[in-house]
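For this chain, numbers begin at 1 and follow the sequence in order. All heavy atoms count here, side chains included; hydrogens, waters and symmetry mates do not.
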Amino acid sequence: VEWARRRGEPERWKDYWLDADTKIVHFIGKDNIVFHALVFPATLMGQGGYVLPTNVPANEFLTFGGEKGSKSKGNAITVPEYLEKHPADMIRYYLTINAPEVKDANFTWDDFAARNNDELADVFGNLYHRIQTFAHKYFDGRMPADVPQDSPVLQQARRTKEKFDALIANFEIREAMREVLALGRWGNKFFDDEKPWASRKEDMERCGAAIAAGLELCAALAVLMWPCMPFSAQKLWEMLALDGEIDQDGWKRLGEPMLAKGHKLNKPEILFRKIETVPT
C-alpha cells in the first residue's frame, strides 16, 4: 500500500493482491516457513478476496566458514565492501551455483576463488576467448559461415533452454545455472573435438564451420547467463555485436541462428579474470 501511495496510485496495490490473475511467490529462509506457509495465508483467507501464495520456495541457511555470519567474528562482508574488490557477477554466480536450496551451504573465500577460476574463467571465459580469438586471427573478425538449424550446437542450446526454463519455473535456480555451466563444458569439448587449429591447415571450410558454430554457442550462453550474470552477459553480447536487448530478443532467438555469415564481431576482451590471491 505504501508503495502505491508513493507512486501516486493509491489503489495500485490491488492489482497484485486482489487480482485473481496475479501469481504471488514468497522466497524465504527456512526459519520463516510456518509464517509464510500457514499464518500469513490464513490471515489473507480470513480477510477474504486476497490472492494466496502460489508457492513458497524456502532456502536453507548459508553459513560462513561453517558458522553463522557475523561482522564481529570477521566472517561476513557487506555488499559495498565486496564490490570494492571484485565484480558483482562473481558473487552473483557463486551464490547461485552454491545456493542452499535443499540443504545448508557453506561460503568460504577459497571455494569462491576456486569456482571463479575453474568455472567462470576456465569454462565460460576460456571458451569465448578461444573461439573469438580464432575468428579474429583467421577470419578477419567475421562470422565465417552460416550455421544450419540442425547443427549439434543449436540442438544442444535448445535442449539446455528447455531444461533451464523448466527448472526456473520450478524455482530450482541453482540447478538451472548448473545446466548453463554444463553447456559451457560441452562447448569446450566441442571445440577440442573439432580441432580448428588442425583443420585450418587442411580444410578452411570445415574450420570456419566449427568457429561459426562456436560463436553461435557463445551467443546462446550469453542469453542463458544473463539472469545470473547480467553484466558479463551483456559484455559478451556486445563483443559478439548482436543487436536488440539480450533479455528479450536474445531469449526469443535462443536456439536459433543469431549470427549470419560475414557478421562483423567486436574486439574480444577478457570476460572473467582469475583470482591470483585468495580474498579475505
Task: Centroid-centroid distance, Phe124 to Tyr128, less than 6.0 Å - done: no
TODO: Could you tell me whether the side chain of Asn188 and the main chain of Val123 form a donor-acceptor pair under 3.5 Å?
DONE: yes
Open item on the list: If the threshold is 4.0 Å, N to carboxylate O, is there a salt bridge linking Glu238 and Lys235?
Closed with: no
Task: Matching residue for Glu9 among Arg5, Arg12, Arg6 - test: salt bridge (Lys or Arg N to Asp or Glu O under 4.0 Å) - done: Arg12
TODO: Determine the interplanar angle of the Trp251 and Phe164 rings, folded into 0 to 90°, and report it as parallel if under 30°, tilted if 30 to 60°, perpendicular if over 60°.
DONE: tilted
Open item on the list: Would a single hydrophobic cluster contain both Trp13 and Leu52, if residues Ile, Leu, Val, Met, Phe, Trp and Tyr are joined by side-chain heavy-atom contacts under 4.5 Å?
Closed with: yes
Task: Common cluster, Ile270/Phe191, ILVMFWY with side-chain heavy-atom separation under 4.5 Å - done: no
TODO: Flag the pair Glu162 and Arg158 as a salt bridge only when some basic side-chain nitrogen lies within less than 4.0 angstrom of an acidic carboxylate oxygen.
DONE: no
- [ ] May I ask you to check if Lys68 and Phe61 form a cation-pi contact, with NZ or CZ under 6.0 angstrom from the six-membered ring centre and within 45° of the axis?
- [x] no
TODO: Please determine if Asp193 and Lys189 form a salt bridge, counting it only when a charged side-chain N lies under 4.0 Å from a carboxylate O.
DONE: yes
Open item on the list: With side chain to side chain donor-acceptor pair (under 3.5 Å) as the criterion, how do Asp111 and Tyr94 come out once you've worked through the C-alpha distance, each side chain's angles and the decisive distance to 0.1 Å?
Closed with: CA-CA 9 Å; Asp111 190 43; Tyr94 182 82; 2.7 Å; yes
TODO: Flag yes if Ile24 and Phe35 sit in one hydrophobic cluster, no otherwise; membership is Ile, Leu, Val, Met, Phe, Trp, Tyr, and two members link when side-chain heavy atoms are under 4.5 Å apart.
DONE: yes
Task: Salt-bridge criterion met for Asp192 and Arg130 (N-O under 4.0 Å) - done: yes
Open item on the list: Test of understanding: clusters of I, L, V, M, F, W, Y form through side-chain heavy atoms closer than 4.5 Å, transitively. Do Trp197 and Tyr138 belong to the same one?
Closed with: yes
Open item on the list: For a quick test of reading the model, state the closest non-hydrogen atom pair linking Cys218 to Leu236 and the distance between them.
Closed with: O-CD2, 3.5 Å
Task: Atom NE2 of His129: over 12 foreign heavy atoms under 6.0 Å - done: no
Task: Interatomic spacing from CG in Leu120 to CE in Met225 - rounded to 0.5 Å - done: 7.5 Å
Task: Trp109 ring center within less than 6.0 Å of Phe112 ring center - done: yes
Open item on the list: One thing to verify: whether Glu60 and Lys30 come together as a salt bridge, which I'm taking to mean a side-chain N less than 4.0 angstrom from a carboxylate O.
Closed with: yes
TODO: Take the angle between the ring planes of Phe40 and Trp17 and call it parallel below 30°, perpendicular above 60°, tilted in between.
DONE: perpendicular
Task: Near-ring test Trp226/Phe231, centroid separation under 6.0 angstrom - done: no
TODO: With salt bridge (Lys or Arg N to Asp or Glu O under 4.0 Å) as the test, would you mind laying out the steps for Arg178 and Glu175 before giving the verdict?
DONE: CA-CA 5 Å; Arg178 290 183 177 182; Glu175 293 306 316; 3.6 Å; yes
Open item on the list: Can you tell whether the side chains of Asp110 and Arg115 come within less than 4.0 Å, N to carboxylate O?
Closed with: no
TODO: Would you sort out whether Ser199 and Glu202 count as a side chain to side chain donor-acceptor pair (under 3.5 Å), showing the intermediate values?
DONE: CA-CA 5 Å; Ser199 60; Glu202 307 161 358; over 6 Å; no
Task: Side-chain donor or acceptor of Arg92 paired with backbone N/O of Met229 under 3.5 Å - done: no
